[in-house]
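To keep things clear, I will list the structure first and then write my remarks on it.
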Amino acid sequence: MSIKKTIFTTLGFLGMGEMYARNHQLQRAQFYFDKVNDYLSQLPAEQQSEQYYLRVLMMVYYTAEFEMTRNHYADSQRLIKAGVGLCSSQHVTFYLPNLKFLATRCAIALHQPTQKVQGLMSETLAFAKINQNEVVEVKLAALKRQLEKGQLREA
């Protein structure tokens, strides 16, 4: 018997993965995030509702964040790029501050040039202000302070 997988099944997998990740059970979390990644790699080509894309963007964001916690920066970057592209093609800005913040953290972790990191920080702040996302603004300010104090390394 085959279980029909819908976006809601995958959102359930996402929730389980996130729960295990927050409880530092990374092996169990990986099991569920792998299922989310499988779903994301097979997205339908036909146009969907705006609600559908918001759900997909949520999956992209949390999966990219999880990959980053495991230092899988290439996977995280791939997901961030796909998420930003989806935001652009669907004219949705809600997830852009979070995705750009992840891109900034990834660039710092990969010791990207200062100019690139500063550019990503500027983009993060701009999208956070547009979306009135004060949480990302606060996270970005804390990240900047860490960089200024030399607690994080960039190129």
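Quantities reported herein were computed from a predicted structural model and do not represent experimental measurements.
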Problem set entry | Non-hydrogen side-chain atoms of E65 and Y62 separated by less than 4.5 Å | yes
Exercise. Is the closest side-chain heavy-atom distance between I108 and L143 below 4.5 Å?
Worked result: yes
Problem set entry | Close side-chain approach of T93 to C87, heavy-atom, < 4.5 Å | no
Exercise. In terms of ring plane angle, is the pair Y32 and F13 parallel, tilted or perpendicular, where the classes change at 30° and 60°?
Worked result: tilted
Exercise. Does F127 have K100 sitting over its ring (NZ/CZ under 6.0 Å from centre, angle to axis within 45°)?
Worked result: no
For this session: Output the distance between atom OG1 (T104) and atom CD1 (I80), rounded to the nearest 0.5 Å.
Result: 8.5 Å
Exercise. Got a sec, which residues hit salt bridge (charged side-chain N to carboxylate O under 4.0 Å, His left out) with K116, two or more places apart in sequence or on another chain?
Worked result: none
Exercise. Any sub-3.5 Å donor-acceptor pair from T63's side-chain atoms to V60's backbone N or O?
Worked result: no
Exercise. Is I7 close to M59 at the side-chain level, that is, under 4.5 Å between some pair of heavy atoms?
Worked result: yes
Problem set entry | Side chain S76, main chain A64, donor-acceptor under 3.5 Å | yes
Exercise. Do L147 and V117 have side chains that get closer than 4.5 Å, going by heavy atoms?
Worked result: yes
For this session: Would you list the pairs meeting side chain to side chain donor-acceptor pair (under 3.5 Å) in which at least one residue belongs to residues 13-22, sequence neighbours left out?
Result: E18-R22
Seminar exercise, completed: One should read off an interatomic distance between M58 CE and Y53 OH, to the nearest 0.5 angstrom, of 15.5 Å
For this session: Would you please say whether a donor-acceptor pair under 3.5 Å links the side chains of Y73 and N71?
Result: yes
Exercise. Side chains of K129 and L125: closer than 4.5 Å at any heavy-atom pair?
Worked result: yes
For this session: Heavy atoms only: give me the nearest A29-A21 pair and the separation to one decimal.
Result: CB-N, 3.6 Å
Exercise. Taking C-beta and beyond as the side chain, do E67 and N37 meet within less than 4.5 Å on heavy atoms?
Worked result: yes
Problem set entry | Distance in Å, R105 CZ paired with M121 CE, rounded so as to fall on 0.5 Å steps | 11.5 Å
Exercise. Is there side-chain contact between Y95 and V84, with at least one heavy-atom pair below 4.5 Å?
Worked result: no
Seminar exercise, completed: Applying side chain to side chain contact (heavy atoms under 4.5 Å, CB included) to K81 and not counting sequence neighbours gives none
For this session: Heavy atoms only: give me the nearest A107-L120 pair and the separation to one decimal.
Result: CB-CD1, 3.7 Å
For this session: Write down the atom of G83, the atom of L57, and the distance for their closest heavy-atom approach.
Result: O-CD2, 3.4 Å
